[in-house]
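Taking it in order: structure first as structure tokens, then the write-up.
As the structure is a prediction and not an experimental result, all values here were calculated from the model. Keep in mind that the numbers below use all heavy atoms, side chains included, and drop hydrogens, waters and symmetry copies. Each chain gets a letter, A, B and so on, in the order its sequence line appears, and its residues count up from 1.
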Amino acid sequence: MSTPPTSTPTSLRNAVIRLAGNSQDGIQSIGGFLARLAGRTQKDVMTYMTIPSTISGGPSIFQLHLGSGEVRSPGDESDVLVAFYQHSYDNHLSALRDGGICIYDPDEVKELKSERGIVHVPVPFTSATIEAIGGSSRDRGKNMFVLGLLCAMYQLDREKLSGIVARQFGKKSEDILRNAMLAFDAGYAYPVGDIGSFNFAEGEHLDENRISTDGNTLMTMGLLCAGVRYGSAYPITPWSPIMELLRTELPKYGGIYVQAEDELAAVAMTIGAAFAGHLAVTGSSGPGLSLKAEALSYASMAELPLIVINVQRGGPSTGLPTSVEQSDLLQAIYGSHGDAPRIVLGPQDVEDCFYIALEAGRLAREYSCPVIILSDQALSSRIEAFTEPDVDKHWVEPPLDITPRPADFKPYPLDQITRHAPPGTKMEGGKYPIVTGLEHDEWGHPSSSPVIHQKMTDKRRRKLEELARALPNPEIYGEAEGDLLIVGWGCTCGPIRETVDRLRSEGHRVSSTQIRHLHPLPAGIGDMFSRFRKVLVVEMNDSGVYGYGQLAMLLRAKLADPRIESFCKTDGLAFRIREVVAAAEKTLASA
Amino acid sequence: MSTPPTSTPTSLRNAVIRLAGNSQDGIQSIGGFLARLAGRTQKDVMTYMTIPSTISGGPSIFQLHLGSGEVRSPGDESDVLVAFYQHSYDNHLSALRDGGICIYDPDEVKELKSERGIVHVPVPFTSATIEAIGGSSRDRGKNMFVLGLLCAMYQLDREKLSGIVARQFGKKSEDILRNAMLAFDAGYAYPVGDIGSFNFAEGEHLDENRISTDGNTLMTMGLLCAGVRYGSAYPITPWSPIMELLRTELPKYGGIYVQAEDELAAVAMTIGAAFAGHLAVTGSSGPGLSLKAEALSYASMAELPLIVINVQRGGPSTGLPTSVEQSDLLQAIYGSHGDAPRIVLGPQDVEDCFYIALEAGRLAREYSCPVIILSDQALSSRIEAFTEPDVDKHWVEPPLDITPRPADFKPYPLDQITRHAPPGTKMEGGKYPIVTGLEHDEWGHPSSSPVIHQKMTDKRRRKLEELARALPNPEIYGEAEGDLLIVGWGCTCGPIRETVDRLRSEGHRVSSTQIRHLHPLPAGIGDMFSRFRKVLVVEMNDSGVYGYGQLAMLLRAKLADPRIESFCKTDGLAFRIREVVAAAEKTLASA
Amino acid sequence: MSTATPDAPSADTAPEKLTKKILTADHPTWCPGCGDFAVLAAFYKVLEKLQYPHEKIVCVAGIGCSSRFPYFVNSHGIHFIHGRALPLATGVSLSRPDVHVFVFGGDGDGFSIGGNHLNHAARKNIKLTYVIMDNNVYGLTKKQTSPTSPQGFKSKTDPTGAIDRPINPMKQLLASGATFIARTHAAQVKHMMEVFERAILHDGFSVVECLSECVMFYAGSFDNSTPRKGGVYDIIDESAHDVTDDTAAFKLADEAAPGKFGVFYQVQRPTKNALEQKWIDAEQARLAGKSPKDVLKNRIAQMR
Amino acid sequence: MSTATPDAPSADTAPEKLTKKILTADHPTWCPGCGDFAVLAAFYKVLEKLQYPHEKIVCVAGIGCSSRFPYFVNSHGIHFIHGRALPLATGVSLSRPDVHVFVFGGDGDGFSIGGNHLNHAARKNIKLTYVIMDNNVYGLTKKQTSPTSPQGFKSKTDPTGAIDRPINPMKQLLASGATFIARTHAAQVKHMMEVFERAILHDGFSVVECLSECVMFYAGSFDNSTPRKGGVYDIIDESAHDVTDDTAAFKLADEAAPGKFGVFYQVQRPTKNALEQKWIDAEQARLAGKSPKDVLKNRIAQMR
Ligand SMILES: Cc1ncc(C[n+]2csc(CCOP(=O)(O)OP(=O)(O)O)c2C)c(N)n1
Ligand SMILES: Cc1ncc(C[n+]2csc(CCOP(=O)(O)OP(=O)(O)O)c2C)c(N)n1
Ligand code: SF4
Ligand code: SF4
Ligand SMILES: [Mg+2]
Ligand SMILES: [Mg+2]
């Protein structure tokens with residue numbers, strides 16, 4: 001039906017492709033198809049996209065990093081740029097590496113710059129698609145045309161790819177599927193001329209059972225595996241997909257997810273479910289976390305287990321709702337009135353979203369305490385490929401325990417961690433417990449005794465001290481000693497590890513660590529730091545009035561160690577490796 | 001009508017009197033009368049009280065420290081205990097100094113302990129009051145009886161005191177006033193036996209124009225003087241008296257204070273008034289501050305000037321609503337999502353409530369930024385005497401400026417501090433400004449440009465950096481160098497200074513400082529600390545998972561200086577001098 | 001999903017008989033004479049009559065004098081934060097079909113800070129019973145104007161008399177979509193008990209406004225509806241009033257203070273509890289007995 | 001206290017004539033075909049007619065597609081946070097009697113997260129005009145169920161169709177105490193303009209629910225009230241409906257979708273703005289011209 005390209009392919013280990021157009025063009029779906037294909041063909045992948053914050057759309061990109069080896073960032077520079085419009089061309093040419101290939105639509109892009117050895121390849125997506133599908137479907141099939149084009153260029157597994165496409169479009173209608181395939185085939189067959197084609201070198205053997213998905217989806221799977229069956233939330237970008245998926249999935253498990261009237265109601269309903277004996281989850285993004293502050297202080301005081309997810313975005317206020325930032329860390333720890341102990345965790349990549357959800361469930365229950373998970377916009381939407389989690393191994397049964405409690409039951413014993421007796425539990429002593437946000441004695445009765453307040457404050461703090469001691473130090477990437485330890489948290493893991501590789505390959509004694517237990521910090525972290533000459537904390541938040549970011553503040557306060565330095569930015573874009581490398585080099589060079 | 005006591009009075013410089021009964025007994029009003037009298041008779045005074053958190057009442061105390069010289073704390077131990085009931089006696093005897101005098105009501109207190117040379121003086125308040133007033137008014141006049149008794153014992157100015165009482169009760173009815181005076185006179189004439197009487201030594205000459213009041217009242221006066229005319233709040237203990245007074249006073253100034261439906265509405269209305277060009281104030285206590293978090297993030301982003309008062313109380317959650325605590329500091333600074341710069345101030349005593357309100361108004365306007373004032377339950381309700389503020393000198397006209405703005409007006413210039421053009425302002429260029437919580441360009445239009453977000457984040461941070469440089473270091477009490485600097489904030493000023501006096505008198509090189517500008521901290525604070533061998537931060541909040549309190553955390557992070565140590569407690573009671581002395585001695589003794 | 005079934009008596013022991021004595025916990029900290037005492041007593045009595053298993057009774061409240069209720073009932077209880085008792089109770093009701101959820105609070109807690117939750121819990125028809133002890137004032141914080149304080153009432157926040165028009169609780173509740181709406185009076189013990197019982201037996205969101213005098217800060221507020229103080233207690237004649245007609249009820253709510261008492265409105269509409277369960281049943285039928293673990297495994301397998 | 005007086009033209013320049021051109025700011029970022037465009041156009045036209053001084057117009061909004069409104073009007077404007085536009089506007093209205101306050105928002109902003117503020121701003125009768133662009137869906141966050149979504153509507157949070165009963169906006173507003181309540185439709189330009197004008201000229205809290213189709217996430221939602229799509233646009237006959245009778249209006253609001261359009265209710269009741277001013281005037285009369293500074297000095301002197 002169409003002829004495959006004939007030139008001999010060049011072998012590659014990595015390719016970074018940036019698609020730049022408008023959000024209506026379906027660029028995200030081309031990206032998604034390629035990412036899913038990568039997961040199925042033993043390639044690693046990481047994606048990155050921008051979404052305009054208005055609905056009517058606007059410029060949008062999808063960047064895709066495919067590799068035979070481990071891929072840890074969406075790529076600093078792209079090898080190929082596909083430019084749909086003049087504005088796409090103008091804004092993204094600088095992201096193309098010297099000598100890279102720019103495929104552009106000559107129907108739209110009229111003014112070209114010749115610079116840095118860039119190879120320009122005109123491909124009339126628009127008119128070629130119209131030709132392939134027929135006059136009426138203008139704009140609609142362009143993305144499939146480009147997908148076909150890239151499939152041919154990179155010698156991708158055409159059969160698997162068409163299978164993925166068919167599964168997606170098959171849900172809609174046959175007509176749509178036929179048109180999509182027509183456009184795809186036209187792109188596949190389009191003669192791009194002398195830029196040739198590429199194929200991927202055989203990489204390290206990647207695990208057999210690989211899946212690819214985004215962080216929000218995987219976090220939801222983690223929650224389900226952890227035994228979460230109830231909760232409530234209010235929509236907000238980029239948190240919403242988790243609540244939408246929970247709402248859709250939970251009925252299958254006999255659970256209920258409630259869309260509340262606002263975030264205050266959402267956290268209250270979730271605390272209600274926790275009080276009722278369940279493991280429950282609420283979540284939001286920045287502004288919504290602020291609205292939950294009062295109730296979270298309650299959960300700390302009443303010592304109720306609870307998972308709260310905050311998918312961070314650019315702030316303050318409504319800020320940059322579709323950009324990535326890590327500026328809610330201090331709020332997560334200290335954002336409620338009073339001394340309100342809670343646990344704060346951060347997943348380091350998409351795969352980790354699953355395990356962090358499990359860890360959150362475990363800690364919430366073990367320490368009878370709210371646990372906040374700080375994800376972020378980048379993790380929420382980017383697609384990665386990784387080993388399929390072993391559900392059999394990690395499965396947790398939902399916890400509801402209403403077996404009768406003995407006569408000496410106290411909800412708030414001073415000498416033990418709180419364990420509540422939920423409604424429905426028969427109290428053999430005949431005395432029923434009360435859960436409260438007033439300071440209280442061991443039975444939950446309000447007390448304004450100075451001694452009780454001091455002891456109960458100690459009790460609530462002590463469980464976090466215990467946890468800190470129980471936590472292992474975070475993993476070190478590289479050697480356990482050296483000149484510089486780069487410390488990160490959350491989505492910066494990839495660029496930081498690439499930085500370590502690059503600097504080590506240049507002979508520097510650099511290692512890194514990604515902190516997943518952000519509060520409390522593992523007790524041994526000071527020892528770990530002491531084996532390095534310098535420590536550089538890299539994070540995506542403001543450098544602060546005193547010159548350091550939020551995690552850096554926590555570490556400096558804990559260790560009172562002036563060797564801890566800080567590198568921050570707040571431009572809403574993921575770290576480029578070269579930015580981190582430059583900061584690390586500066587720190588290495590300084591006294 | 002009654003005979004004055006006849007024994008020769010003993011001369012005193014200080015007296016600490018604790019009244020212990022139930023909240024219904026009017027103990028607070030006896031205390032209030034004595035405190036006011038002190039203000040009028042060239043005596044210094046500081047009071048301390050506890051209030052039960054349920055309305056129906058319960059045990060309550062009022063402690064009063066009167067002195068010829070400066071009085072800096074309500075007193076660690078009392079010289080006289082007036083015990084209304086058996087429970088008052090049982091719970092407060094230990095607060096009496098060795099050899100102190102316990103006056104008790106033998107109608108109520110039946111079991112006495114003989115210990116530590118305490119002198120017990122039975123005075124049948126209940127029956128003597130009934131006798132004086134007549135059978136029906138049981139319970140009501142007891143407090144006036146005790147007031148009369150103390151007036152005689154301490155040779156207080158009877159005429160002035162009756163004048164104060166008359167003014168208070170005269171507002172009610174003649175009957176009430178007559179009964180009150182009958183009870184007072186009966187107490188004045190009651191023969192207490194051989195404990196004798198006391199009078200106060202002539203002290204240093206205190207300023208002529210002295211007033212006495214509590215912190216909430218004086219804070220309100222400061223706000224009025226600073227030009228505040230609008231705002232909104234929701235009731236909560238111990239914040240409510242400020243809102244009640246603003247609501248009552250503002251109409252006289254042409255202003256309006258609104259009782260909102262909740263704290264979220266309150267802060268929104270206040271931001272509305274700020275946007276409209278006024279200096280506006282909202283306030284609350286703990287839980288209410290949490291509810292304002294989202295809107296405060298907005299005010300930081302939109303750069304609107306605004307005063308927010310948080311009268312701290314015991315936390316977390318509903319906690320101990322009528323006890324003192326300083327556990328909202330980190331929330332005040334970091335409690336909103338995103339990097340949301342704001343200014344945080346703390347008054348150090350009742351007098352300072354006036355000046356801190358003025359400073360808040362000045363900074364809010366100069367830096368176009370929300371300013372949070374952290375007061376606390378102790379400052380809110382305790383009465384102190386001090387020099388009357390000079391209203392002529394400090395008076396600030398309300399700010400509304402709707403003069404036309406030139407064509408080049410931009411609400412968010414990158415190179416200057418934001419100055420808004422409120423509604424009603426004619427824009428000569430024809431382009432009207434918009435205030436927003438989305439990241440924005442200089443004209444207030446939403447932008448998701450990475451460059452803009454970075455620059456605007458810098459702009460918002462930079463003004464706090466400027467402020468930090470502009471702030472003088474806090475005053476040092478004692479020498480500017482030595483072995484130990486005690487650092488405090490808020491209501492702990494008195495006990496800390498007493499500690500310094502005591503330790504210096506024992507030959508220790510100890511000084512102290514009370515930080516009023518809590519965020520940003522004055523830039524020179526590190527230099528100041530460097531002249532001491534050790535720094536001990538004393539505060540009323542939890543000692544934290546890592547062993548330090550909230551201000552200590554800020555200082556350790558800023559200076560990364562391990563010599564900064566922390567002393568904390570959370571028992572809901574003001575610091576006793578001996579507690580601070582012990583902590584300071586421990587720090588001095590350690591390496 | 002929970003293995004608990006409604007009202008199943010504990011396997012081993014005969015169900016104990018619920019008495020006022022068993023139900024009594026701490027001595028209430030209310031002021032002597034506070035109307036809330038009578039509400040508590042009436043609640044004990046109705047529970048005595050209904051004889052639910054002791055462990056299945058849950059009392060929920062926000063903050064306020066009236067919201068201290070759960071401390072005074074010896075049952076499972078939770079004292080939450082100001083204004084958010086209803087969403088908390090929603091979480092309990094939806095996730096625990098086996099327990100009986102009772103919510104208590106004041107006019108400030110329910111109509112001021114909590115007003116929106118009331119609207120939404122009502123429209124969702126969450127299965128629970130909510131008693132609002134309306135004293136027309138903020139009691140716990142010592143006399144500020146509440147959303148039901150009449151115009152002219154002198155409080156600490158309205159020293160010259162309340163300025164804002166109060167809400168009309170019955171109209172607000174009728175608009176909200178609550179399926180059982182009634183009004184009673186703490187000084188009318190018999191009526192109060194009847195109304196409570198009907199509210200509790202209603203399958204859906206039932207709400208009762210109960211006038212309850214604050215003797216400390218608004219003494220005499222309800223004298224005009226207290227016969228022994230010369231007032232009129234005017235009970236709705238249900239033979240003349242169609243309780244399923246919300247417009248008629250709205251009209252009734254127009255009457256000037258003290259207004260009418262009794263059941264204004266009652267209809268049957270499926271609860272959210274039932275509707276969500278229907279969806280669960282449909283999904284689970286589709287899955288034909290697959291275990292939750294397998295459901296998850298299959299879902300993840302789709303990402304291969 | 002402010003020296004500004006209502007509608008005083010600037011001293012030096014002749015008041016410029018307000019035109020659509022002058023009022024136009026950024027090009028709206030709404031989807032092509034979104035109903036909100038028509039609302040904006042109608043607002044421009046009504047302002048052209050009313051000719052308020054340009055600098056006295058203030059547009060306020062929360063968050064949502066519809067809440068982007070202030071960016072598209074060249075006037076003083078503020079884009080606040082989700083659900084809190086009304087209290088913000090209350091602060092502006094009460095502290096600046098000289099300006100005209102317009103509030104815009106969506107059904108989620110107004111009836112979900114902001115529902116309680118609506119009740120309280122309405123009962124206080126704050127002087128302002130509030131237009132709710134009701135599209136029966138959450139637009140900006142991409143298709144979740146809103147409090148006005150009909151049961152059965154399939155959204156991302158109700159994949160099998162909305163389960164909860166929606167609110168009845170007219171009933172809710174009637175219960176709230178708003179003094180001007182109307183309903184219109186973005187596709188009925190003339191009617192919409194008439195209703196806007198009457199709302200703006202009303203002295204008190206005026207609120208208009210304006211059906212405005214979300215073509216992206218709920219296309220066709222209002223076809224049944226769009227004559228050119230075969231629907232019926234049924235306008236209230238004010239000769240038969242007494243707009244001062246809230247019970248009659250409540251009854252009208254009972255009609256099944258698409259229901260009636262036009263003014264449901266309008267009464268005159270003193271605004272909070274006026275009542276607070278009355279108190280101010282009384283206090284100031286008592287003080288007989290004493291300067292604010294002297295008032296403060298005297299107050300402090302009482303503490304001697
Ligand atoms: C977030 C928050 N705001 C304010 C308060 C203070 N507060 C406690 S109870 C209450 C109102 C009490 O009035 P109501 O609900 O009518 O109950 P009542 O005491 O009259 O029974 C207020 C304002 C609080 N605890 N939390
Ligand atoms: C506190 C908070 N919660 C949630 C959001 C996310 N959010 C933005 S707009 C919106 C709802 C939009 O619906 P609607 O008000 O009906 O406006 P529309 O977009 O339909 O015009 C939501 C949930 C937010 N910005 N802030
Ligand atoms: S203050 Fe009022 S409502 Fe509260 S307990 Fe006392 S009488 Fe009852
Ligand atoms: S998403 Fe809907 S409401 Fe939003 S701009 Fe598009 S059509 Fe309008
Ligand atoms: Mg009340
Ligand atoms: Mg909408």
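The candidate with the highest count of non-hydrogen atom pairs below 4.5 Å against chain B, out of D/Lys272, D/Glu283, D/His54, D/Lys290, is D/His54. Taking chain D as the reference chain and counting heavy-atom pairs below 4.5 Å, the highest number among B/Met301, B/His445, B/Glu397, B/Glu261 is found for B/Glu261. When D/Arg84, D/Arg286, D/His82 are compared by the number of non-hydrogen pairs under 4.5 Å with chain B, D/Arg84 comes out ahead. The most heavy-atom pairs under 4.5 Å with chain B, out of D/Leu86, D/Val58, D/Val295, come from D/Val295. The candidate with the highest count of non-hydrogen atom pairs below 4.5 Å against chain D, out of B/Gly437, B/Gly277, B/Gly424, is B/Gly424. Of the residues considered (B/Gly430, B/Pro423, B/Ala276), B/Pro423 shows the highest number of contacts with chain D, using heavy-atom pairs under 4.5 Å. Top candidate by heavy-atom pairs under 4.5 Å with chain B, chosen from D/Asp281, D/Thr90, D/Asn74, is D/Asn74. When the candidates D/Cys59, D/Ser93, D/Ala301, D/Pro292 are compared by the number of heavy-atom contacts under 4.5 Å with chain B, D/Pro292 comes out ahead.
B/Cys225 has its side chain within reach of D/Leu296: a pair of non-hydrogen atoms, C-beta onward, lies under 4.5 Å apart. Side-chain contact between B/Ile402 and D/Arg96 is present, with at least one heavy-atom pair separated by less than 4.5 Å. With contacts defined as side-chain heavy-atom distances shorter than 4.5 Å, the pair B/Ile256/D/Trp279 does not qualify. When side chains are defined from C-beta on, D/His117 counts as touching B/Asp262, because their heavy atoms get closer than 4.5 Å.
Neither the backbone nor the side chain of B/Asp390 comes within less than 4.5 Å of any heavy atom of chain D. Contact of B/Thr270 with chain D is not made at all, since no heavy-atom distance falls under 4.5 Å. With a 4.5 Å cut-off on non-hydrogen atoms, B/Phe354 touches chain D through its side chain but not through its backbone. Of the two parts of D/Lys124, only the side chain, counted from C-beta on, holds a non-hydrogen atom closer than 4.5 Å to a non-hydrogen atom of chain B. Using a 4.5 Å cut-off between heavy atoms, D/Leu287 contacts chain B through its side chain alone, with no backbone atom that close. For D/Asp26, the part lying near chain B is the side chain, with the backbone staying farther off; criterion is any non-hydrogen pair under 4.5 Å. Contacts of B/Leu245 with chain D are made by side-chain atoms alone, with heavy-atom separations under 4.5 Å and no backbone atom involved. Contacts between B/Met427 and chain D at a heavy-atom distance below 4.5 Å involve the side chain alone, from C-beta outward. Of the atoms belonging to B/Pro389, it is side-chain heavy atoms, and not backbone ones, that fall under 4.5 Å from chain D. B/Ala302 does not touch chain D: none of its heavy atoms, backbone or side chain, sits under 4.5 Å away. For chain D, the nearby parts of B/Arg247 are the backbone and the side chain; heavy atoms of each come within less than 4.5 Å.
Atom-to-atom distance recorded for B/Glu428:CD and D/Glu55:CD is 11.0 Å, nearest 0.5 angstrom. Atoms CE and CD1, on B/Met269 and D/Ile126 in that order, are 6.5 Å from each other to the nearest 0.5 Å. Rounded to the nearest 0.5 angstrom, B/Phe275 CZ and D/Ile78 CD1 are separated by 5.0 Å. Here the straight-line distance linking atom CD1 of D/Ile81 with atom CD1 of B/Ile271 works out to 6.5 Å at 0.5 Å rounding. If you take OG1 on B/Thr213 and CE on D/Met303, they are separated by 4.5 Å, rounding to the nearest 0.5 Å. In this structure, CG in B/Leu218 is found 6.5 Å from CD1 in D/Ile300, a value given to the nearest 0.5 Å.
A salt bridge does not link B/Glu388 with D/Lys297: none of the charged nitrogens is closer than 4.0 Å to a carboxylate oxygen.
The 12-atom threshold is not exceeded at NZ of D/Lys45, counting heavy atoms of other residues, nucleotides or ligands nearer than 6.0 Å.
D/His79 places no side-chain N or O within donor-acceptor distance of the main-chain N or O of B/Leu438, the cut-off being under 3.5 Å.
Between D/His76 and B/Tyr432, the ring planes lie perpendicular to each other; the angle is over 60°, past the 30° to 60° tilted range.
Contact between B/Arg36 and D/Gln302 at its shortest, heavy atoms only, is NH1-O, 4.3 Å. Across all non-hydrogen atoms, the minimal contact from D/Phe80 to B/Ala295 is CZ-CB, 4.4 Å. Closest approach of B/His278 to D/Ser95, counting heavy atoms only: NE2-O, 2.9 Å.
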